[in-house]
Each structure stands twice: as C-alpha cells, then as structure tokens.
Amino acid sequence: LAQASLASVAVPRHCRTVSHSLHGDPHHPPLAMAPADDAAPPAVAEEEMDEASRISYLRQRGVEIEFPEDRVAASKAKAEAKDAASAGSAAPAAKVETFSFTYVPADVNEPVKVLTAEVGTCDVLKDLLAPTFASDENMDADTVSRETAGRLKNMMISANAGGGHIKAPSAEEVQRQAAGGVTEAYPLSRYPSSGEGQCVRMYIDEVGALRGRPRNKRAEDLATGAGLTGLSIHGDAYIGRCRRSHAAGERNMDFGREELSASSAWAQEARAEHTRQAVEEGHGSDEHLAKGDEGAFAWTQTDVDLEVRLRSAVPEGSNAKKRIGVSYGKGDKVIVKVDGNNVLELAPLFAKVVPDDCSWSIDKDDIVLTLTKAEERAWTELLLPGGAK
C-alpha cells in the first residue's frame, strides 16, 4: 500500500479489488490496515468490506483511484473550459464579399466556366488575371509587325499631326515588357454618360495576337452580339461586370454564364448604343476594313477576301490572257507578269492567302485579282511594313 499510494490506479467497475494485497490468498493471509495514528479507526478485514468501502478506505489514505467514466468527465470538462475561453477572446471572422465572372477558352472543346474572386476597392480583374497570360515564348517578328500595324498607324497619324515620330517596337522589346502577363480590359458595354452605373468588360491577353494565340470564336461572337464588329480576339477571354458610383467608386459585381447570350439585356442595350454611335459618327458596317489606292493599283477587302485591281495592265494585241501570269508563292506574296516581265509584286502580304482559292480575271484594261484570306479578319494594310510593291 505504501507503493500503491504513489501511483495512479485505474479501477474498472467490474473489478472486485484494487490491489492484490487486498485479495484473499492461500499463501498470504489478508492484511489488516495499521492505524495511521491514535485517532484512526481500527483495521478492518477485507472480507468485511464491500467495493465502495475499499475504495473509500484507499482514497482516505492517499491512493489515487480513477474510473473510465472519471476520465471521460474530466476530458469533457477540460474541452468545455477551453471552448469557453476561446469564445471570450476570439474576434468574429470578417465576412468576405465575392463576385463571379466567366471564363471563355479559345478552344471550343473546353467548357465555359464561372469563377469567383474577392471584391476589392477597384476593378481587381486586370491585375488578378495578368499572371494567366504570362509567357516566356519568343515572339515571331512578322507576327509582331502585323499585329502592331493598326495601332502604330493610328499613333503615327497623331504623331505626324504633332510633328513627332514613332518607331515600331521590336519583337524582343514587346516580349520583354509582356513576359509577366498584360491584361487588356476591353469594354463590351460602357458606363452611361453620367459616369455612374454598370459596364461589361472582356479581359484578354493584350499581346495574344502577337503571341500567335488562336482566335476565340465564342468571344468574337459575344462582341458582335454587343454591336462590335470586326474584332479579332486571340487566346482565352474572361467576361466581368463592374459598377461605379461617385460615392463608392468602382467595384466588381456578378456576371453569370447565362449572360453570354446576345439576347441578354446588357448585350441588347450595348448593341443599340454602338449602333447609335456609328450612325452619329457616320461609320458604316465596313468601317473597320482598310483599303488603298496606289495609283497603278487599288485594293479593297471584306473579312473573307481582297480585291486588287491592276490598272491598264492588260497587254495590247491578241491572246492577252495567255500572256498574263499570276503566282501566289506560299500564300505570302502575289506576282503578276505580262510577257514574262513583272508588272506587280506584292511581298510580303499582310497575312497569308490560300493560293488554290485565289483567282484573277480581265475587266476591260484592268487585271483583277481576288485573294482568299487564310484567316477571316480585317487587314490593316495590304503589305507588312517594309514590303516591296
């Protein structure tokens, strides 16, 4: 018992005794408890004690006895005390406000998805999506020249008006600046003239065309449905909505999958507004299609093909058609010969044509070329910058 008093003893309910020393043993007779002091009661034989008496007897003498239910109760009390302390000290979690936007992959075999992000104090998508457009791929110099031609042309017109000069960026420079990803937030619908209200934006890779990304037909169809024709969108696209007020500034709000339809309310309103603006400014439906007149020849285009008219090029005399030869290279050039001599050479073309689908004819004194584009899109120029005529 002197040793037992120093230990914690677990006693299951079904046990009749706590220690072997309390059992009757044929070799060791039952022990009597010696009085701890003069005031202690006399020893009592084991046979005269029931289980409760034995336990009480041991506990009075410092023996720690623990039952399974005692451990469960102690554990429960400890957990409740911990929860109460946590409830008193922990601050309530702040509610996070989120918004939804849609992901429209360039690959038509991939499904459109609805994504969510946390609302900020401005339009957060432009910075949030930039890393998704990051790439360390090398850019093709001809592709960069082709895709920057339109913007560069408009910038040069403005610069010339102010007496300035603009140099086309190299593929290496564009690649360096766009390596970390650059997002263009293209407005499909704009804020009202008051500056307050809602708008819908398409977030795309600003240099997707320069990287040679595939065309995104679903995104282009959405833009057309909103009244924006002639857009060439390369790579994946994300569609989101923003709301702006003078008091709260600009914040993102929900844009769902069902709103990708051209029949949705926002698209119909945008289409009506873009049509109204085009009429007011005198723009036609083919305003985005460039054309040119170089004196010896002129050219026009649709989204599908081009027409090049070579003036007064038909040779005099008989068998004129047999004396004319036209070749298209690998789809990157056009050469017209009369009697074996070059009368027109266009190289390199702004983009590729399909040689087998191209044709030519004679219209009075003119040779008329019909060139089928390899990709349905507007050409900014007939030739890439630096091309020979």
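The first residue in the sequence is number 1, and the count goes up from there. Values reported hereafter were calculated over all heavy atoms of this structure, with side chains retained and with hydrogens, waters and symmetry mates removed.
At a threshold of 4.0 Å, the pair Asp366-Arg311 does not count as salt-bridged, since none of the basic side-chain nitrogens sits closer than that to a carboxylate oxygen. The pair Arg241-Glu259 counts as a salt bridge, with a side-chain nitrogen and a carboxylate oxygen less than 4.0 angstrom apart. Glu273 has a carboxylate O that lies under 4.0 Å from a charged side-chain N of Arg276, or vice versa, which qualifies the two as a salt bridge.
Annotation: Glu118, atom CD; neighbour count of heavy atoms from other residues, nucleotides and ligands within 6.0 Å does not exceed 12. Within 6.0 Å of NZ in Lys333 there are 12 or fewer heavy atoms belonging to other residues, nucleotides or ligands. Heavy-atom neighbours of Arg218 CZ from other residues, nucleotides or ligands within 6.0 Å: above the threshold of 12.
Residues Asn252 and Asp123 have side chains that bring a donor and an acceptor to within less than 3.5 angstrom of each other. Counting only N and O atoms by type, the side chains of Tyr191 and Glu250 include a donor and acceptor under 3.5 Å apart. Neither side chain, Thr370 nor Asp305, offers a donor N or O lying under 3.5 Å from an acceptor on the other. Ser135 and Glu137 are linked by a side-chain donor-acceptor pair at a separation below 3.5 angstrom, with hydrogens and angles left out of the test.
At distances below 3.5 Å, not a single donor-acceptor pair connects side-chain atoms of Ser100 with backbone N or O atoms of Asp254. At distances below 3.5 Å, at least one donor-acceptor pair connects side-chain atoms of His234 with backbone N or O atoms of Arg213. Checking side-chain atoms of Arg251 against main-chain N and O of Cys122 turns up no donor-acceptor pair under 3.5 Å.
Leu260 and Ile233 fall within a single hydrophobic cluster, where Ile, Leu, Val, Met, Phe, Trp and Tyr side chains are chained together by heavy-atom contacts under 4.5 Å. By the criterion of side-chain heavy atoms lying less than 4.5 angstrom apart, applied directly or through intervening Ile, Leu, Val, Met, Phe, Trp or Tyr residues, Ile204 is not grouped with Phe101; the two fall into different hydrophobic clusters. By the rule that hydrophobic residues join a cluster once side-chain heavy atoms approach within less than 4.5 Å of another member, Leu222 and Val200 end up as members of one cluster. At a threshold of 4.5 Å between side-chain heavy atoms, the hydrophobic network of Ile, Leu, Val, Met, Phe, Trp and Tyr places Phe99 and Ile239 in two separate groups.
In this structure, NZ on Lys373 lies 12.0 Å from SG on Cys358, to the nearest 0.5 angstrom.
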Could you give me the CA-CA distance, side-chain angles and deciding distance for Asp332 and Lys352, then say whether salt bridge (charged side-chain N to carboxylate O under 4.0 Å, His left out) is met?
CA-CA 5 Å; Asp332 58 346; Lys352 292 239 178 163; 5.5 Å; no

Any chance you could lay out the side-chain contact (heavy atoms from CB on, under 4.5 Å) test for Leu346 and Leu382, step after step, and finish with the verdict?
CA-CA 8 Å; Leu346 304 173; Leu382 183 59; 3.9 Å; yes

Arg377 and Arg215: CA distance, side-chain angles, deciding distance, side-chain contact (heavy atoms from CB on, under 4.5 Å) verdict
CA-CA 10 Å; Arg377 58 166 296 173; Arg215 296 276 290 275; 3.5 Å; yes

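Here Tyr103 and Tyr238 bring their ring centres to under 6.0 angstrom of each other.
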